[in-house]
Amino acid sequence: MNEMIIEQVAIAALTPYGQNPRKYGPVEVEKFAAAIKEFGFRVPVLALRDGRLIDGHFRLAAAKAAGMDEVPCLYVDGWPEEKVRAFRLAVNRMAELASWDEDKLAQELRE
């Protein structure tokens, strides 16, 4: 297994993928920025060493809105382009696979 090393990377050094199919607007970005200010930036973005962003477009936009200059980044070089494209889609779809247990959610919100 490859060792995972998370590095702090300048936001300006990262290039978002222009064909990212996920959508979010300024209201969502500001809400996420508020969460970053409250909890910190806790999930690194994934990128290639040349700066091309693979995953974390929404997190990156929120980090900018929160006034951050750097974000934690995990580099995942060595993948062929088709694997990079497939991963971008897969990682975004995975969150949609799970559903909420409404009773547990209500209890967690009450507590």
**Q** How far apart are the C-alpha atoms of Ile11 and Met68, what are their side-chain angles, what is the distance that settles it, and do they pass the side chain to side chain contact (heavy atoms under 4.5 Å, CB included) test?
**A** CA-CA 8 Å; Ile11 288 174; Met68 296 177 68; 4.2 Å; yes

**Q** Which heavy atom in Ala61 sits nearest to a heavy atom in Val29, and how many Å separate them?
**A**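 Minimum heavy-atom separation between Ala61 and Val29: O-CG1, 3.6 Å.
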
**Q** Side chain to side chain contact (heavy atoms under 4.5 Å, CB included) for Arg85 and Glu82? Distances and angles first, verdict last.
**A** CA-CA 5 Å; Arg85 294 174 76 96; Glu82 51 279 353; 5.6 Å; no

**Q** Do Trp79 and Leu48 make a side-chain contact, defined as non-hydrogen atoms from C-beta onward lying under 4.5 Å apart?
**A**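 No; the side chains remain at least 4.5 Å from each other.
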
**Q** Hey, are Lys37 and Glu30 close enough for a salt bridge, meaning a charged N less than 4.0 Å from a carboxylate O?
**A**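 Between Glu30 and Lys37 there is no salt bridge, as every charged N stays at least 4.0 Å from the carboxylate O atoms.
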
**Q** Are Glu28 and Arg22 close enough for a salt bridge, meaning some N to O gap below 4.0 Å?
**A**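 So Glu28 does not pair with Arg22 through a salt bridge.
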
**Q** Between atom CZ of Arg59 and atom CZ of Arg42, what is the distance when rounded to the nearest 0.5 Å?
**A**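 Interatomic distance, Arg59 CZ to Arg42 CZ, rounded to 0.5 Å: 13.5 Å.
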
**Q** Name the one of Tyr24, Phe39, Phe58, Phe41 that satisfies ring-ring contact (aromatic ring centres under 6.0 Å, His included) with Phe32?
**A**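 Looking at Tyr24, Phe39, Phe58, Phe41, the match for Phe32 under the ring-ring contact (aromatic ring centres under 6.0 Å, His included) is Phe58.
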
**Q** Do Pro21 and Leu89 come close enough that some side-chain heavy atom pair is under 4.5 Å?
**A**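 Pro21 vs Leu89: side chains touch.
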
**Q** With heavy-atom distances below 4.5 Å as the criterion, would you say the side chains of Tyr75 and Val9 are in contact?
**A**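 Touching, per the 4.5 Å side-chain cut-off.
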
**Q** Determine whether more than 12 heavy atoms belonging to other residues, nucleotides or ligands lie under 6.0 Å from atom CD of Glu108.
**A**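 Open.
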
**Q** I need the single residue from Leu74, Asp55, Ile6, Leu53 that forms a side-chain contact (heavy atoms from CB on, under 4.5 Å) with Val45. Which is it?
**A**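 Single side-chain contact (heavy atoms from CB on, under 4.5 Å) partner of Val45 among Leu74, Asp55, Ile6, Leu53: Leu53.
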
**Q** Counting only heavy atoms not in Asp69, do more than 12 sit closer than 6.0 Å to its CG atom?
**A**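 Not buried by this count: 12 neighbours or fewer within 6.0 Å.
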
**Q** When you compare the side chain of Pro72 with that of Gln8, does any pair of heavy atoms fall below 4.5 Å?
**A**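 The answer is yes; the side chains approach within 4.5 Å.
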
**Q** For Ala65 and Ala33, which heavy atoms make the closest approach, and how far apart are they?
**A**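 For Ala65 versus Ala33, the nearest heavy atoms are CB-CB, 3.9 Å.
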
**Q** What is the minimum heavy-atom distance between Ala63 and Ile36, and which atoms define it?
**A**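 That would be N-CD1, 3.7 Å.
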
**Q** Determine whether Leu60 and His57 satisfy the following criterion, side chain to side chain contact (heavy atoms under 4.5 Å, CB included), listing intermediate values before the conclusion.
**A** CA-CA 5 Å; Leu60 187 67; His57 292 77; 5.7 Å; no

**Q** Looking at Tyr17, is Arg88 sitting on its ring face, NZ or CZ under 6.0 Å from the six-membered ring centre and within 45 degrees of the normal?
**A**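 So Arg88 does make the cation-pi contact.
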
**Q** Count I, L, V, M, F, W, Y as connected when their side-chain heavy atoms are under 4.5 Å apart, and connections chain through other members. Are Val76 and Val71 then in the same cluster?
**A**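 They do not share one cluster, since no chain of ILVMFWY contacts under 4.5 Å joins Val76 to Val71.
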
**Q** Please indicate whether Gln19 has more than 12 foreign heavy atoms, meaning atoms of other residues, nucleotides or ligands, lying under 6.0 Å from its CD.
**A**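 For Gln19, atom CD is not crowded (no more than 12 foreign heavy atoms under 6.0 Å).
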
